[in-house]
Amino acid sequence: DSVCQAVQRQRLECQVHRVETADGYRLSVHRIPAPRNPRCATRQLRPFLLMHGLLGSAGDFVAGGRGRSLALELHARCFDVWMGNARGTTHSRGHRSLATSDARFWQFSWHEIGIYDLPAIVDYVLARTGQRQLHYVGHSQGTTVLLVLLSQRPEYNARFTNAALMAPVAFLKHLSSPPLRLLASDSSGVTMLLNTLGLHELLPATSLTQVGGQYFCSATLPTYALCTLFTSLYVGFSDYPLDRNILPRILQTTPAGMSRRQLQHFGQLINSGQFQQYDYHSPRLNALRYGQTTPPSYQLANVRLQLQIFHGTRDVLAIQADVQRLVRELRNSRTQMYQVPGYNHIDFLFAVTAPRMVYERIIQQAWHLDATSTVAAL
């Protein structure tokens with residue numbers, strides 16, 4: 001298990017928990033238990049749940065190593081850290097009755113991750129820890145699925161103390177990533193190509209991608225510059241160059257796979273400018289599913305949380321105008337918005353400065369909320 005290997009390299013305990021969703025998907029959830037030392041024993045802290053973005057996995061939160069990765073920083077500050085792996089990714093490829101070779105296994109978008117995977121993981125973590133609430137951090141699609149869950153099942157608001165949304169993805173009208181704009185502009189052509197090739201799963205982790213990443217993107221090779229250029233075209237050109245040694249480590253766990261419908265659903269958001277459910281491109285099918293001929297928008301007014309929202313000025317996926325629209329739509333939440341100068345879409349995971357510029361704010365708020373609730377309970 002590549003995630004536990006990264007954790008154990010830091011001489012920390014790593015656990016893998018199995019969670020089954022209501023629709024039969026079998027997920028792995030990684031856990032780094034809170035330190036067992038006197039300094040941490042006196043703190044009454046709620047657990048953290050971290051949720052990765054598209055093509056990512058729990059590995060996103062540990063790849064940078066100690067002093068760099070969010071999960072390891074939270075652990076060092078006494079928190080019990082849980083990391084989800086969405087259906088279809090490297091560590092969550094099981095199902096009660098479907099094999100991954102069956103096209104029906106892949107008939108999901110991030111909507112299903114929001115309404116099935118996330119509540120199953122949240123319920124499991126709360127049951128295992130005996131807590132009533134947890135802290136949440138999502139990156140990219142990890143923010144999308146939280147917004148889906150709370151829009152569709154508002155009773156889940158009560159199970160979160162607060163949430164931090166890093167590079168949030170809901171409205172994508174102003175997205176300027178050239179490759180993603182190109183894919184969205186010819187979505188019917190892309191669908192036709194995928195149908196012709198019979199592809200339902202995209203970019204799974206294979207030994208070829210892992211070895212290829214190690215070989216082509218090693219810091220000592222001339223092809224390293226091509227790797228960083230290709231990455232930057234997708235996520236934005238950062239003011240903080242990646243540590244040359246971290247890219248091969250990232251490519252050990254990324255890409256972790258996704259369904260074609262996840263990509264298509266994000267493409268629909270780019271084209272529509274709305275944050276809405278999956279469009280079946282058929283008034284009849286939409287009417288069967290939704291009771292109306294067009295897909296309904298997610299009701300963001302149902303989200304009632306204390307939110308920290310972080311976005312980078314160099315992010316070409318989560319553009320400032322779209323993030324500001326999201327904040328306006330979250331009218332029943334208490335939002336604090338932080339603009340991080342020079343950050344692209346993945347700097348929130350891998351930048352050397354992320355612990356100081358982002359994670360410290362997340363930790364301080366969690367400490368404050370947990371200390372306040374402890375005092376209130378006395």
Side-chain angles (χ1 to χ4, degrees), residues 1-16 28-35 40 45 47-86 89-91 125 134-143 163-167 205 210 213-214 217 219 231 235 238 240-256 308 310 312 340 343-367:
D1 182 317
S2 54
V3 177
C4 276
Q5 284 171 5
V7 173
Q8 286 159 353
R9 273 199 297 271
Q10 308 300 326
R11 301 181 182 231
L12 298 175
E13 182 185 354
C14 179
Q15 300 174 0
V16 183
S28 291
V29 182
H30 289 87
R31 181 192 194 185
I32 310 174
C40 293
L45 299 175
F48 259 93
L49 172 59
L50 314 183
M51 199 66 189
H52 61 82
L54 192 68
L55 292 177
S57 69
D60 294 354
F61 299 109
V62 297
R66 203 183 287 266
R68 182 84 57 87
S69 296
L70 176 57
L72 302 180
E73 285 292 286
L74 291 170
H75 171 269
R77 307 293 276 277
C78 299
F79 287 100
D80 180 11
V81 184
W82 297 74
M83 297 167 282
N85 293 280
T89 59
T90 310
H91 306 288
V125 171
L134 50 75
H135 304 287
Y136 184 89
V137 182
H139 172 250
S140 190
Q141 181 189 263
T143 70
L165 310 183
M166 304 191 300
Q210 290 165 345
Q214 299 290 297
C217 300
T231 304
V235 300
S238 173
Y240 299 88
L242 269 183
D243 175 345
R244 288 180 78 87
N245 297 311
I246 201 177
L247 194 55
R249 289 213 298 274
I250 295 169
L251 293 170
Q252 286 174 2
T253 58
T254 307
Q308 290 175 301
F310 299 90
V340 188
Y343 265 36
N344 70 14
H345 199 65
I346 61 172
D347 281 331
F348 294 96
L349 300 173
F350 307 123
V352 182
T353 52
R356 177 170 53 84
M357 296 176 76
V358 181
Y359 306 161
E360 192 58 35
R361 289 186 187 276
I362 294 171
I363 290 165
Q364 290 299 330
Q365 184 176 77
W367 268 355

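Worth knowing before you read on, the calculation uses all heavy atoms, side chains too, and leaves out hydrogens, waters and symmetry mates. Note that the numbering runs from 1 along the sequence shown for the chain.
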Could you walk me through whether Q15 and E13 satisfy the side chain to side chain donor-acceptor pair (under 3.5 Å) test, starting with their C-alpha distance in whole Å, then the side-chain angles of each, then the deciding distance to 0.1 Å, before giving a yes or no?
CA-CA 7 Å; Q15 300 174 0; E13 182 185 354; 2.9 Å; yes
Walk me through whether M166 and H345 qualify under side-chain contact (heavy atoms from CB on, under 4.5 Å).
CA-CA 9 Å; M166 304 191 300; H345 199 65; over 6 Å; no
Take V137 and I362, measure what side-chain contact (heavy atoms from CB on, under 4.5 Å) needs, and give me the verdict at the end.
CA-CA 9 Å; V137 182; I362 294 171; 4.0 Å; yes
T231 and I346: side-chain contact (heavy atoms from CB on, under 4.5 Å), yes or no, with the steps?
CA-CA 10 Å; T231 304; I346 61 172; 3.9 Å; yes
As a quick check of understanding, evaluate side-chain contact (heavy atoms from CB on, under 4.5 Å) for N85 and T90, giving each step before the final call.
CA-CA 8 Å; N85 293 280; T90 310; over 6 Å; no
Applying side chain to side chain donor-acceptor pair (under 3.5 Å), run through D80 and H75 and close with a yes or a no.
CA-CA 6 Å; D80 180 11; H75 171 269; over 6 Å; no
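Rounding to the nearest 0.5 angstrom, the gap separating the CG atom in L50 from the CG atom in L349 is 10.0 Å. Within the model, atoms CG of L165 and CE of M51 stand 14.0 Å from one another, a figure rounded to the nearest 0.5 Å. In this structure, the separation between OG1 on T353 and OH on Y343 is 2.5 Å, given to the nearest 0.5 Å. Taking CG from L49 and CH2 from W82, the interatomic distance works out to 9.5 Å, rounded to the nearest 0.5 Å. Put simply, SG on C4 and NE2 on H30 are 4.5 Å apart, with the number rounded to the nearest 0.5 Å. Rounded to the nearest 0.5 angstrom, Q252 CD and I250 CD1 are separated by 10.0 Å.
Under the salt bridge (charged side-chain N to carboxylate O under 4.0 Å, His left out) criterion, D243 pairs with R68, not counting sequence neighbours. Residues forming a side-chain hydrogen bond (donor to acceptor under 3.5 Å, both in side chains) with D347 (at least two apart in sequence, or on another chain): S238.
Under the 3.5 Å distance criterion, the side-chain polar atoms of T143 are left unmatched by any main-chain donor or acceptor of H139. For the pair R66 (side chain) and Q10 (backbone), a donor-acceptor distance under 3.5 Å is present. Checked by atom type and distance alone, the side chain of Q141 never pairs as donor or acceptor with a backbone atom of H52 at under 3.5 Å. Judged by distance alone, the side chain of Y359 and the main-chain N or O of F348 form a donor-acceptor pair under 3.5 Å. Within the 3.5 Å criterion, the main-chain N or O of V62 finds a donor-acceptor partner in the side chain of S69. Within the 3.5 Å criterion, the main-chain N or O of G64 finds a donor-acceptor partner in the side chain of R249.
Considering every non-hydrogen atom in both V3 and G59, the closest pair reads CG2-N, 3.6 Å. Nearest heavy-atom pair across L72 and G65 is CD1-C, 3.4 Å. E360 and R77 get closest at one heavy-atom pair: OE2-NH2, 2.9 Å. Nearest heavy-atom pair across G56 and T89 is O-CG2, 3.7 Å. Of all the heavy atoms in C78 and A34, the pair that sits closest is O-CB, 3.5 Å. Taking every heavy atom of both residues into account, P248 and C217 meet most closely at CG-O, 3.5 Å.
Under the 6.0 Å cut-off for aromatic ring centres, Y136 and F48 do not qualify, their centroids lying 6.0 Å or more apart.
Note on E73 versus R356: no salt bridge recorded, every NZ/NE/NH1/NH2 to OD/OE distance being 4.0 Å or above.
No side-chain donor-acceptor contact under 3.5 Å links S57 and H91.
With a 4.5 Å cut-off on side-chain heavy atoms, H135 and F79 count as touching. Counting only heavy atoms from C-beta outward, the side chains of M83 and I32 approach each other to under 4.5 Å.
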